[in-house]
Structure formats: structure tokens, C-alpha cells
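Step one of this worksheet: look at the structure below.
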2 protein chains.
Amino acid sequence: MFMGASTKQGYEIAEKSREIVRSLIADKTKELSNEERSIVERIVHSTADPEYADITKMSKDFVRASRNSIENKKDILTDINMVKTGINKYPGEVNCYIKDERTVTIAKEYNITRAAAAIRVAAENDFEGIAVVGNAPTALLEILNLFNKGKINVSSVIGVPVGFVGAAESKKALEQTEIPYLVTEGPKGGTPVAVAAVNSLINLKKE
Amino acid sequence: MFMGASTKQGYEIAEKSREIVRSLIADKTKELSNEERSIVERIVHSTADPEYADITKMSKDFVRASRNSIENKKDILTDINMVKTGINKYPGEVNCYIKDERTVTIAKEYNITRAAAAIRVAAENDFEGIAVVGNAPTALLEILNLFNKGKINVSSVIGVPVGFVGAAESKKALEQTEIPYLVTEGPKGGTPVAVAAVNSLINLKKE
């Protein structure tokens, strides 16, 4: 199992792609740890967009905090089901509450997005682990809101929502907290970036 | 329901984002039909990457062929489950055979990727409709291979696999067939692009 490949041909394609990615972004990743470099390479591999080597930023404690959470099989929370679907081979639980009945009710009652309401449902369900936002800035802002109130227990946050409305600002806000984070600065991000970061963390060798 | 939004706040964000996207890429989309422009705008909206307005190409018959398929509720085939998960509100069937037992067997027997084997399984299951490749160039090449042999019945192909190994070439090969197509030329593409194209087609008003 290497970057999603499960056959000889798939493995060879993934390995060749990884070599190309590595050489494309070598200059931009030389300051990173091996683990951080591996995560950035996988993000560029999954988007074919070398700009992600410039805009992907991690706090110093991100890899350690995330790996601890994964080794303890804590839950992973995703903002939308596409991210959940892409997370392979995690022995713990991966949860997404976007289609939960309570989410629909809370969204209507408080006039917030379903993505934000789904985070409240997770917090009420005593979520503890890595939170992954691949789509909705409002989900990321709700995590920060609940964190500031001491109402959500996040090991780390992968904050890579996408879009021209609020995404960049929500990621800047995450960078200013004490939460261990990975973000893609600016409007870019998305589900493949989120999935690449999580699957890379899951596959990292234990240190 | 507008670009995935289902609440007032979500709708407002989506609408504002769409306006920003429209102004960012107006120059690049002026030669397109309203339907084609709508598809390209949604792709840029979902990636926050205006370059997709340069590299997204459709054959002249793509929208009509795809809409016919959708109006007749023909199946939609996806290469991986992330794409399937992202397709909302389609009254017909959306199928993905990547985890099918037959796929695993065929991949081993013929030493091909699971993504390619999954396309063979679909063809054996008498698939007829729109084929959507958001990830694996080998899946797209297998569609072309089966099409040339008269063994797969595609209404149109959304070919947006991503990566530095084979993706650009597979999309160029699709453009040279008589199949109605949408591609993103070069290495870029991915699951959000595929999902944006399909959901945009589903939401287009009947002409």
C-alpha cells in the first residue's frame, strides 16, 4: 500500500509520480522534517499543483500531535463525506455528521451552515481527535469558536477549506491559535488536499 | 439547492463566491455557451484555481450528450468512491466498482490497476451512461480501449485524472476520439473537478 496503490502497476505509477514531485519541489521543502516533507509531497502528488509546496504550512507540533492521536486510534472528524470516503486504512473511527438529523435541526435553528452545525454535533458527541476541514470555511470557524469556549477536544486541525469567500481568513485564524495545525494559505485547498494530509499521517512510520 | 448549499447562509456564501469566480474568469469564458460557462465556473469555484478556466475543454457535443443521458436517468460511472460520494441529487444510479471483488480478481489476473479493472467490471455489467474519471489515468485509458473494441457504451466521458504520470496523455487520447468529452488538459484535475462537472450538469436547466 503506497499512496493508494494496491497493484504492481499502480505502485509503479505512484512511485514514479512521487519522484517527479520530489524533484519539482525539492527547493521548497528542504527546511522541512522528513515527515513534513512527506506530507507536502503527497499533497502535490494528489493535486499535480506544485504551488501547494508554497502554501502548505504546519505548526511545529503538528506531526507529533497528529501521530499521537493516530497511534491512540482517536477519532478523525471530517467536514464532508467526500473527505471521509477518501481516508483509507484507519483502524480508528472516521466520522462526518453533515447528514445527521441533528445537524439539519441545528443549522435551521441557529441559521448557520450545515457544515458548521455538523461540528457542533460532533462536539456534543464528545469528539476527541484530529479535525479535518476540506471544504467549508464555516466548519473551520466553528471549530475555533468551540475551542475558544473549551467545548471541543482537538488533537490537531487540518484546515484546508477552499474558496474565495472566507477560506483564507478562516485558515489565518487557525494559524493564530495554539492548536497544532496544517493549513493551505489563501483560497486554495480542497478534499484531495485534506485526504492526502490524513493518509500521509496514517502511513508515516512510527518514530 | 445551489452548488451544494442547503441553508440561507450557505446559499449566500455560494452566491458571493460564484460572483467572484465569474468576474475572475469572464475574459476566458466569453466564447463558451451559457451551459459550458456554468460548468467551468463551478469547477473554478470548487478548486479556487482560475487556471481551470484555461485548461478545461469540452467537445461541442458534450453538454447535449451529457444532458440527454441525465434526462434519461442513465447510470453514472465513477473511477473512485470519492467522486461517487460527491455526486448529489442524481435520481439515477451512480456506480463505482473499485472495491468490487471481481475488480480485485481482474486486476491481479491481467496485472492492471484496480481503477482499470473496475471499468472492465462496469462494461461487463452493461454500463450505459456518463463515465467520470477524477483520479486514475489508467481508468480513462481503459475506457478508450473498451470503446475502440465496441465493449463500452458511454454517452460522454468526463476525463479529469490528475498526476504527472500518464494523466495528460490519457486526456489527449480522449480528445482524439469521437466520444463527447470534458477534459482538463495537462497534469491537473481531480475529484473536486469531476464532482463539480457532474453536479453542474445535473443542475443545468432543461433546455
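It should be emphasised that the depicted structure is a prediction, and the values quoted were computed from it without experimental measurement. In the text below, chain A, chain B and the rest are named by the order of the sequence lines, each starting its count at 1.
- Proximity to chain B (any heavy atom under 4.5 Å) is restricted, for A:Val195, to the side chain, taken from C-beta onward.
- For chain A, the nearby parts of B:Ile13 are the backbone and the side chain; heavy atoms of each come within less than 4.5 Å.
- At a 4.5 Å heavy-atom cutoff, the contact between A:Ile20 and chain B is made by side-chain atoms alone.
- Proximity to chain A (any heavy atom under 4.5 Å) is restricted, for B:Leu24, to the side chain, taken from C-beta onward.
- The neighbour count for B:Glu175 CD, taken as heavy atoms of other residues, nucleotides or ligands under 6.0 Å away, is above 12.
- Using a 4.5 Å cut-off on side-chain heavy atoms (C-beta onward), A:Pro192 and B:Pro192 make contact.
- With hydrogens and angles ignored, the 3.5 Å screen pairs no side-chain donor or acceptor of B:Thr29 with any backbone N or O of B:Leu32.
- Between atom CD1 of residue A:Ile76 and atom OH of residue A:Tyr90 there is a gap of 4.5 Å, rounded to the nearest 0.5 Å.
- In summary, B:Arg37 and B:Glu41 do not engage in a salt bridge, as defined by a charged side-chain N under 4.0 Å from a carboxylate O.
- At a 4.5 Å heavy-atom cutoff, the contact between B:Thr47 and chain A is made by backbone atoms alone.
- Note: A:Asp49 leads A:Val193, A:Ile80, A:Val83, A:Asp49 in heavy-atom pairs under 4.5 Å with chain B.
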